[in-house]
Amino acid sequence: MVSDDFFLNVGIDAIGFYAPKNRLSLDDLAKKRGIAPEKYRQGLLAEEFAVPEYGEDIISMAIMAAKNAITRGNINSKEIEAIFVGSESLPYAVKSVASILSAFLDVHENAFTGDTLHACAGATLGLLNAVGLINSGIIKKALVIGTDISKYPLGSPGEPTQGAGAAAMIISKDPRIARIGSKFGKVSGHVDDFFRTLYSENAEVFGQYSTMAYLNYVLKAYDDFKYQAGPFLADYYVFHAPFGKMPVKSFQRIMFERWFDNPVKLKAMLDKSKERAFTQKERDLILSGKEELHPSTIKTLQEWKFTDEEICGLNYFYKDWLALKLMPCLDVPMRFGNCYSASLWAQLFHLMETRVKENDTIYFTSYGSGATAISGMFKMEPGFKKLVAEGPTVLDYIRKKSRIPVEQYEMYKRDLLPAFLHTGHVLAAPENKYSLDIMECDYGCILPVQSELQHCPSGHPGVHKRSFPMLGIVAKIDEVDVEIKDHVCGDCVYLLGDVKAGNNVELSIRRLKVDENSGLIHWYPTYVLA
Ligand code: HMG
């Protein structure tokens with residue numbers, strides 16, 4: 001068993017999550033595509049996924065997740081000495097997301113910024129960078145973010161596994177939430193399971209092969225972690241989740257191929273489990289492979305001369321462990337879909353916010369196609385609960401949703417969502433605690449914090465520091481349904497959607513304009529209905 005001194009005095013000090021509020025029900029999608037809804041619900045263990053709104057991209061989501069982490073942890077953003085961002089939905093081929101985020105998060109200019117990339121494992125590599133820099137005393141605090149929108153073609157097998165979300169964490173010494181283990185499991189190789197070319201919106205995937213690669217690497221990372229750390233049994237298990245069924249399969253493989261991989265161990269475990277009588281109906285269901293145990297596992301057990309009663313007992317033992325150690329975090333893939341680099345971390349946060357207790361251990365495995373798998377362990381700190389109790393929690397975002405019709409999702413996929421954009425004035429709401437301060441030119445181009453560089457490279461005049469409250473009330477609408485031409489200046493702001501004077505609104509940084517000639521992208525502070 002891993003002992004307390006296995007854990008470093010470095011780890012997670014604050015957490016924040018964000019996901020778009022629009023959700024597509026997979027029952028609706030299945031109906032439209034002529035597919036049995038059970039294939040998605042039971043076959044993939046997926047119920048709905050998050051669909052971004054107009055102009056909502058990985059920058060919009062990352063800012064919200066980071067702001068949530070900073071405010072929930074009461075962090076002084078000037079103390080953040082590094083931002084590492086994992087993403088596979090990058091806006092530019094060259095220009096880091098981390099540098100863009102620094103303009104919105106009030107981070108000190110003497111900080112490292114960079115994107116750490118390896119498909120869905122990007123944020124995990126950012127975490128490793130942060131842990132290494134902090135543990136060696138080079139920096140004290142880092143912000144690590146995973147932010148992604150997963151995209152597959154309309155009607156493709158990957159379509160029901162899309163999703164969106166961002167997860168941000170502050171990593172520091174003397175962490176208040178969880179300490180990270182000093183050893184990691186790791187495995188990497190050249191695997192053509194999944195990729196996206198530079199000019200394509202959607203990922204290409206060899207679907208069945210990708211699931212084999214995932215399961216193989218997750219198990220190999222487990223073996224390497226056990227080799228590095230010694231035998232262990234964690235209180236909870238979290239895996240990257242392209243959809244809910246994959247972590248379930250991983251857990252099943254670890255249980256039956258590593259823990260109970262021979263009849264002697266299995267029989268000993270059975271002796272400890274509670275006796276339970278099974279009806280003929282239950283027995284038939286389990287033995288036909290329609291319950292938790294896979295038909296191949298049942299076949300092996302029969303070859304090992306397990307009786308039907310014993311197989312049914314094992315099925316229920318496995319079901320209990322699954323419910324206890326893995327299932328609580330699967331709300332995340334089931335509700336938001338595949339958030340790629342944010343998937344693992346959002347699940348971990350959800351677990352920390354809802355289930356785990358002080359001193360509990362959590363084993364995690366990150367998987368990034370191409371491929372790599374990294375596994376490790378966290379131990380919860382005494383007193384962590386008060387840091388995760390106050391929202392917005394992952395559960396708050398699960399609840400804060402609006403179901404959209406398939407037609408709206410298809411318009412989003414075809415880039416045909418209408419911009420219902422207005423100009424107007426917003427006052428800070430009485431409950432507002434935080435604002436975003438941004439340097440910009442007269443045309444709204446964002447300028448750096450360094451005063452020597454505060455002139456717009458596009459040649460626009462003006463240098464302004466503007467402060468945008470996170471929560472506001474619409475004081476007045478000036479113009480309805482405007483074109484995005486030039487940026488709005490002075491006290492005027494953009495508002496999006498069916499917003500009227502008196503409405504409560506929240507700030508969202510939206511990608512509203514791309515320069516036709518240069519391809520330069522403009523993100524503008526925009527208010528949307530709260
Ligand atoms: P598919 O090929 O259409 O589905 O798409 P299938 O035929 O394999 O069926 C899926 C499951 O539904 C099966 O269950 C069926 O039996 C069951 P299983 O045997 O696997 O347990 N099923 C039903 N169940 C109940 N009632 C029914 C019914 N019909 C079938 N009527 C596939 C599946 C994964 C290929 C597809 O969704 C896909 O291409 N997804 C995208 C790729 C992906 O997510 N791969 C996963 C591993 S790779 C990874 O995790 C990395 C990634 O996150 C990216 C990164 O790292 O950057 C993707």
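Order of listing sets the numbers, starting from 1, for every ligand and every atom in it.
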Lys31 atom NZ, neighbour heavy-atom count above 12 within 6.0 Å: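 For Lys31, atom NZ is not crowded (no more than 12 foreign heavy atoms under 6.0 Å).
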More than 12 heavy atoms of other groups within 6.0 Å of Phe206 CZ: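 No, because the 6.0 Å sphere around CZ of Phe206 holds 12 heavy atoms or fewer from other groups.
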Any Lys/Arg nitrogen of [X] or [Y] sitting under 4.0 Å from an Asp/Glu carboxylate oxygen of the other?
X      : Y      : answer
Lys413 : Glu201 : no
Arg41  : Asp27  : yes
Glu353 : Arg72  : yes
Arg258 : Asp223 : yes

When you pair each N or O of ligand 1 with protein N or O atoms, which pairs come out under 3.5 Å?
from, atom 1, to, atom 2, distance (Å)
ligand 1, 2 (O), Gln208, NE2, 2.8
ligand 1, 3 (O), Lys39, NZ, 2.8
ligand 1, 4 (O), Lys39, NZ, 3.3
ligand 1, 8 (O), Gln208, NE2, 2.9
ligand 1, 20 (O), Lys249, NZ, 2.5
ligand 1, 21 (O), Lys245, NZ, 3.0
ligand 1, 21 (O), Lys249, NZ, 3.4
ligand 1, 37 (O), Pro157, O, 3.0
ligand 1, 45 (N), Ser210, OG, 2.8
ligand 1, 50 (O), His240, NE2, 3.4
ligand 1, 53 (O), His240, NE2, 2.8
ligand 1, 53 (O), Asn338, ND2, 3.0
ligand 1, 56 (O), Cys120, N, 3.4
ligand 1, 56 (O), Ser369, N, 2.8
ligand 1, 56 (O), Ser369, OG, 3.2
ligand 1, 57 (O), Glu88, OE1, 3.1
ligand 1, 57 (O), Glu88, OE2, 2.4
ligand 1, 57 (O), Cys120, N, 3.1

